[in-house]
Peer 1: 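I have a structure here, written as C-alpha cells, and I will follow up with some questions on it.
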Amino acid sequence: MWIGGTVVTLNDELLAGLGAPGLEQIAGMLGTDQLTARHVIEAVSATIVGGLARNAAHPDGADALRGALDDHMDADPFNGDVASLTRDGHSILGHVLGAQGTEQAATTLARLAGVGSSAIMKLMPLIAPP
C-alpha cells in the first residue's frame, strides 16, 4: 500500500499497531529480545498471508475464507480482549492453515526463531486477521 509516497507493508502496519509496548509484550511471551520478536511476527504474518493466498486461489476456498473473515470483521485486534482475539484467531487459522497446518507452521517457525512452539501457537491467533 502506498502512503505519502512510501510503500507500507502489512508487517509495517501490524508492527506500528503493536507499538513498542506490544512488541515488548510479545518478546516477553516468546522469551526473547524485541528484534527476534519482530522477526517472529514477520514470519508468522507471512505464513498466514501465504495461507490466505492459497485459499483465495480456489473459488470454493475464497468463498469459505470470505465467510470466515466476514464473521470476524468487527473485531479490533488492538483493542479486543485476548480471549476473544485468540478464539477468533484460532477460527481463522483453522480455515487458512487447518489444525495440523497451524501446528506444523508453529513448529517450523519456532525451530527457525529458536523459541518454543507453544509460544508461537499462542502468538499465531493474535496475529491472524480478525
Peer 1: From Ile41 CD1 over to Leu109 CG, what is the distance, rounded to the nearest 0.5 angstrom?
Peer 2: 12.0 Å

Peer 1: Any side-chain heavy atom of Thr36 within less than 4.5 Å of one from Leu30?
Peer 2: no

Peer 1: Please find the pair of heavy atoms, one from Val44 and one from Ile127, that lie closest to each other, and give the distance.
Peer 2: CG1-CD1, 3.8 Å

Peer 1: Please tell me whether Leu23 and Val115 are part of a single hydrophobic cluster in this structure, the criterion being side-chain heavy atoms less than 4.5 Å apart.
Peer 2: yes

Peer 1: Does any non-hydrogen side-chain atom of Glu103 lie less than 4.5 Å from one of Leu97?
Peer 2: no

Peer 1: On a heavy-atom basis, which atom in Leu123 and which in Met29 lie closest, and how many Å separate them?
Peer 2: CB-CE, 3.5 Å

Peer 1: Tell me, please, which residues at least two apart from Ser117 pass side chain to side chain donor-acceptor pair (under 3.5 Å).
Peer 2: none

Peer 1: Between CD1 of Ile120 and NZ of Lys122, what distance do you get to the nearest 0.5 Å?
Peer 2: 11.5 Å

Peer 1: Is there a chain of hydrophobic side chains (I, L, V, M, F, W, Y, each step under 4.5 Å between heavy atoms) that links Leu14 to Met124?
Peer 2: yes

Peer 1: Kindly write out the residues that satisfy side chain to side chain contact (heavy atoms under 4.5 Å, CB included) with Ala27, not counting sequence neighbours, or none if the list is empty.
Peer 2: Gln34, Ala37

Peer 1: May I have all residue pairs that pass side chain to side chain donor-acceptor pair (under 3.5 Å) and include part of residues 38-49, sequence neighbours excluded?
Peer 2: Asn11-Ser45

Peer 1: When rounded to the nearest 0.5 angstrom, what distance separates CG in Leu18 from CD1 in Ile26?
Peer 2: 4.5 Å

Peer 1: For Ala110 and Gly116, work out which heavy atoms get closest and say how close.
Peer 2: CB-C, 3.8 Å

